Amino acid sequence: MAWSGVPAIGSVDELMELLHARHGGPDTPDRDLGLRTAALLRRSHPYDKELQVAGLVQGLGGPAHAPGNGAAEAVRGLLGPRVARLLEGSAAGSGTDEEALHQAARAGRGTGLDAGVVEDWRPVLELVAAGAFRI
């Protein structure tokens, strides 16, 4: 079990189920924030798939702005240490990348961006989980 009660996610299928549940849930202001954040990062950092994925999954363990919300530990084994560090906002990660993640999340809160659907991200999640985009 990961920190703060969020179970470790062992496969892309499990992660997709969680993302579908979050984005198909009640209509709250942050419901699609992960999708919008990931879409903005895809535009601003098209080659950094790990950064994009961090934006997509950032709110899985609770509010995206809460430090240690559990998402980092839940996805560490599946998506790798860099994605986990980005989610933690720790000093070990690149400050530039963390700032890009935070800026995209802030921008995603105020935009009417059509960010697509969760299923659009399955191939990217599979590549990152396979280690194909580790930098």
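Side chains included, hydrogens not; waters and symmetry mates left out as well; all remaining heavy atoms used. All residue numbers in this chain count up from 1 along the given sequence. Every value quoted in this text rests on a predicted model; they were computed, and no experiment measured them.
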How many angstroms lie between CD in Q103 and CD in E99, if you round to the nearest 0.5 Å?
4.5 Å

Which heavy atom in A74 sits nearest to a heavy atom in P7, and how many Å separate them?
CB-O, 3.5 Å

Salt-bridge criterion met for R85 and E88 (N-O under 4.0 Å):
no

Atom CG in L41, atom CG in L51: separation rounded to 0.5 Å?
4.5 Å

Electrostatic pair K49-E126, nearest N-O below 4.0 angstrom:
no

Between the CG atom in L33 and the CZ atom in R109, the distance rounded to the nearest 0.5 Å is 5.0 Å

Between E14 and A8 the two heavy atoms that sit nearest each other are OE1-O, 4.1 Å

The side-chain contact (heavy atoms from CB on, under 4.5 Å) partner of L87 among L79, V57, V53 is V57

Checking the side chain of D120 only, and the main-chain atoms of V117 only, is there a donor and an acceptor separated by less than 3.5 Å?
yes

Which heavy atom of A39 sits nearest to which heavy atom of W121, and what is that distance?
N-CZ2, 3.9 Å

Heavy-atom closest pair, residues Q58 and A105:
NE2-CB, 3.7 Å

Are any non-hydrogen side-chain atoms of R42 and V124 less than 4.5 angstrom apart?
yes

Looking only at heavy atoms, what is the nearest atom pair of Q52 and A38, with distance?
O-CB, 3.5 Å

Return the set of residues passing salt bridge (Lys or Arg N to Asp or Glu O under 4.0 Å) with R122 (not counting sequence neighbours), or none when no residue passes.
D13, E119

About how many Å separate CG of D48 and CG of L101, when rounded to the nearest 0.5 Å?
10.0 Å

Backbone of R82 reached by a side-chain donor or acceptor of E50 within 3.5 Å
no

Would you compute the distance between atom CG of L125 and atom CG of L19 and round it to the nearest 0.5 angstrom?
6.5 Å

Are the side chain of D32 and the backbone of L35 linked by a donor-acceptor contact shorter than 3.5 Å?
no

